[in-house]
Peer 1: 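The structure under discussion is supplied below as structure tokens; questions concerning it will follow.
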Amino acid sequence: MLADLNQLRTFVVLYEVRSLTATADRLHVTQPTVSYTLARLRKRFGDDLFRREGNVMVPTPRATQLFGPLHEALAQIDATVSDSADFDPADFDGELALGLTSIGEQTFLPPIMAALTQLGSSPRLVVKRLDAEAAEEELVRGTIDLAITVSLLDVSRLWRTPVRGVEYVALTSREHPLPPTGAEMFDGRRFIRVSARGGHVFPQQALIEHGLTPQVALTVEEYSTVPAVLVSTDLVALLPRHVADVFCGWFPELETADLPWPGTSSPVALYTRREMNLSPAQRWFRRLVLRAVSSGEFTDDAQR
């Protein structure tokens with residue numbers, strides 16, 4: 001028994017959204033139709049494919065194995081029968097999901113929105129909080145269209161290009177400056193530690209490696225809280241230079257200082273699905289974002 005294209009498309013969408021109701025809505029069919037199709041797919045592949053856990057349809061290992069090849073095959077078919085040359089960004093008002101950390105929202109969202117405004121395009125842009133551990137799966141499933149992160153994701157399933165190098169600095173209030181850069185510059189100073197959930201693991205590693213963890217006075221989840229706290233205290237934060245520069249623009253009372261040890265990490269990179277799996281709108285959005293956030297350190301042919 002062969003599965004037809006409609007059945008395979010139902011499978012792919014169900015894998016992406018994990019809901020019978022949401023699958024029916026996206027495919028413009030009824031939920032009983034999706035349930036019937038799933039029953040046929042289960043018989044065809046000899047596997048449950050999805051098991052209900054609460055309100056979520058969780059894929060089995062067999063479904064995960066099938067998703068990649070089937071998604072790519074359907075994407076190739078869609079690309080063959082559609083003409084991407086007909087895509088006009090000025091007319092596009094569909095939804096696009098952009099995955100950013102809190103620090104990414106502050107540094108990359110403004111130039112992206114400026115680029116959209118300059119082009120006269122008005123998609124319905126949804127910014128979703130990016131979790132480094134979940135980013136790869138969200139991109140593959142299509143719950144986000146594009147992500148910007150310093151985390152290294154599996155490029156066997158994704159398209160990646162670096163957009164900005166990352167150098168870390170110390171940020172403090174001008175009223176409580178640090179001594180000149182040197183081995184003892186942090187003696188007696190207390191730190192703000194920010195969660196590494198967004199992928200910036202260097203600050204936490206540096207605090208551990210250099211014996212500064214006992215000097216951590218405050219731990220927060222988001223970088224957005226850091227500048228206002230620094231202005232009114234003598235605390236120190238370790239963070240990327242391009243972010244520190246943004247914070248200093250917002251709060252002239254802040255200043256940066258170079259670290260006494262090497263302070264770089266993997267570059268910030270832009271991730272999407274592989275080329276063959278992108279819609280014309282996603283390809284256009286990727287190009288726009290790349291131009292908007294690139295520092296010029298890397299060329300477009302650095303794609304991996």
Side-chain angles (χ1 to χ4, degrees), residues 9 12-13 15-18 26 64 67-80 82 84-85 87-89 92-101 103-105 107-116 119 121-166 198-199 266-304:
R9 195 175 298 279
V12 167
V13 173
Y15 187 96
E16 291 176 339
V17 302
R18 311 290 168 94
R26 181 180 293 189
T64 299
F67 173 74
L70 291 180
H71 182 271
E72 290 189 8
L74 288 172
Q76 287 183 312
I77 292 172
D78 291 340
T80 300
S82 64
S84 60
F87 177 77
D88 184 352
F92 178 68
D93 61 357
E95 183 174 291
L96 290 166
L98 174 61
L100 294 173
T101 62
I103 203 169
E105 288 187 19
T107 55
F108 299 129
L109 192 56
I112 290 171
M113 295 307 298
L116 288 170
L119 192 62
S121 182
S122 54
R124 290 179 285 115
L125 185 59
V126 178
V127 177
K128 297 186 176 181
R129 182 54 47 85
L130 193 69
D131 186 322
E133 295 183 358
E136 180 185 331
E137 182 64 18
E138 289 181 318
L139 284 162
V140 170
R141 285 176 54 193
T143 54
I144 55 177
D145 298 298
L146 183 150
I148 302 175
T149 178
V150 74
S151 299
L152 290 173
L153 307 183
D154 183 3
V155 295
S156 66
R157 301 200 292 171
L158 301 172
W159 182 96
R160 171 186 182 271
T161 192
V163 296
R164 183 182 295 272
V166 179
S266 57
V268 176
L270 186 155
Y271 290 89
T272 65
R273 285 173 167 176
R274 303 295 292 181
E275 182 73 20
M276 69 179 67
N277 297 327
L278 296 179
S279 68
Q282 289 170 326
R283 290 191 184 95
W284 158 75
F285 187 55
R286 184 177 68 185
R287 291 193 299 270
L288 179 139
V289 171
L290 184 56
R291 290 194 298 268
V293 305
S294 177
S295 65
E297 301 167 66
F298 305 95
T299 58
D300 289 356
D301 59 5
Q303 298 169 11
R304 302 171 187 178

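Keep in mind that this is a model prediction, so the values were computed, not measured. When reading the values below, keep in mind they use all heavy atoms of this one structure, side chains included, and skip hydrogens, waters and symmetry mates.
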Peer 1: Please lay out, stage by stage, how Tyr15 and Leu70 fare under the test side-chain contact (heavy atoms from CB on, under 4.5 Å).
Peer 2: CA-CA 11 Å; Tyr15 187 96; Leu70 291 180; over 6 Å; no

Peer 1: Verify, without hydrogens or angle tests, whether Thr161 (side chain) and Leu270 (backbone) share a donor-acceptor contact under 3.5 angstrom.
Peer 2: no

Peer 1: Minimum heavy-atom separation for Pro89 and Leu119, please, with both atom names.
Peer 2: CB-CD2, 4.1 Å

Peer 1: Going by the angle between their ring planes, with limits at 30° and 60°, are Trp284 and Phe92 parallel, tilted or perpendicular?
Peer 2: perpendicular

Peer 1: Could you pull out all residues at least two apart from Phe285 that satisfy ring-ring contact (aromatic ring centres under 6.0 Å, His included)?
Peer 2: none

Peer 1: Does any part of the side chain of Arg287, heavy atoms only, come nearer than 4.5 Å to the side chain of Leu290, both counted from C-beta?
Peer 2: no

Peer 1: Just how far is it from atom CD1 of Ile103 to atom CG of Leu130, taken to the nearest 0.5 Å?
Peer 2: 12.5 Å

Peer 1: Please assess Val166 against Ser266 for the test side-chain contact (heavy atoms from CB on, under 4.5 Å), listing each intermediate value before the final yes or no.
Peer 2: CA-CA 7 Å; Val166 179; Ser266 57; over 6 Å; no

Peer 1: Between Phe108 and Leu98, does a side-chain contact (heavy atoms from CB on, under 4.5 Å) hold up when you go through it step by step?
Peer 2: CA-CA 11 Å; Phe108 299 129; Leu98 174 61; over 6 Å; no

Peer 1: Kindly check if the number of other-residue, nucleotide or ligand heavy atoms within 6.0 Å of CD (Glu95) is above 12?
Peer 2: yes

Peer 1: Determine, stepwise, if the pair Val163 / Val289 fulfils side-chain contact (heavy atoms from CB on, under 4.5 Å).
Peer 2: CA-CA 10 Å; Val163 296; Val289 171; over 6 Å; no

Peer 1: For Ser122, which residues count as a side chain to side chain donor-acceptor pair (under 3.5 Å) partner, sequence neighbours excluded?
Peer 2: none

Peer 1: Does Arg160 use its side chain to pair, donor to acceptor, with the backbone of Ala269 at less than 3.5 Å?
Peer 2: no

Peer 1: Report the distance from atom OG1 of Thr101 to atom CZ of Arg129, rounding to the nearest 0.5 Å.
Peer 2: 7.0 Å

Peer 1: Give me the atom names and distance for the closest heavy-atom approach of Ala292 to Ala115.
Peer 2: CB-CB, 4.1 Å

Peer 1: Which distance, rounded to the nearest 0.5 Å, do you find between the OG1 of Thr149 and the CG of Leu139?
Peer 2: 9.5 Å

Peer 1: Applying side chain to side chain donor-acceptor pair (under 3.5 Å), can you list everything that pairs with Arg26, at least two apart in sequence or on another chain?
Peer 2: Glu16

Peer 1: Run the side chain to side chain donor-acceptor pair (under 3.5 Å) test against Thr272 and tell me which residues pass, sequence neighbours left out.
Peer 2: Arg286

Peer 1: At their closest point, which heavy atom of Glu105 faces which heavy atom of Pro110, and how far apart are they?
Peer 2: O-CD, 3.4 Å

Peer 1: Would you compute the distance between atom CD of Glu138 and atom CD of Glu133 and round it to the nearest 0.5 angstrom?
Peer 2: 11.5 Å

Peer 1: Can you list everything that forms a ring-ring contact (aromatic ring centres under 6.0 Å, His included) with Tyr271? Sequence neighbours excluded, please.
Peer 2: none

Peer 1: For residues Phe67 and Arg273, report the shortest heavy-atom separation together with the two atoms involved.
Peer 2: CZ-NH2, 4.3 Å

Peer 1: Which atom names give the shortest non-hydrogen contact between Leu153 and Ala135, and what distance separates them?
Peer 2: CD1-CB, 4.0 Å

Peer 1: From Leu146 CG over to Leu96 CG, what is the distance, rounded to the nearest 0.5 angstrom?
Peer 2: 9.0 Å

Peer 1: Less than 4.5 Å apart, any side-chain heavy atom of Ile148 and any of Ile112?
Peer 2: yes

Peer 1: Determine yes or no for a side-chain-to-main-chain donor-acceptor pair under 3.5 angstrom, with Arg164 supplying the side chain and Ser294 the backbone.
Peer 2: no

Peer 1: Sequence neighbours left out, what passes side chain to side chain donor-acceptor pair (under 3.5 Å) with Arg18? Give chain and number order.
Peer 2: Glu137

Peer 1: Find the distance between CG (Asp145) and CZ (Arg283) and round it off to the nearest 0.5 Å.
Peer 2: 12.5 Å

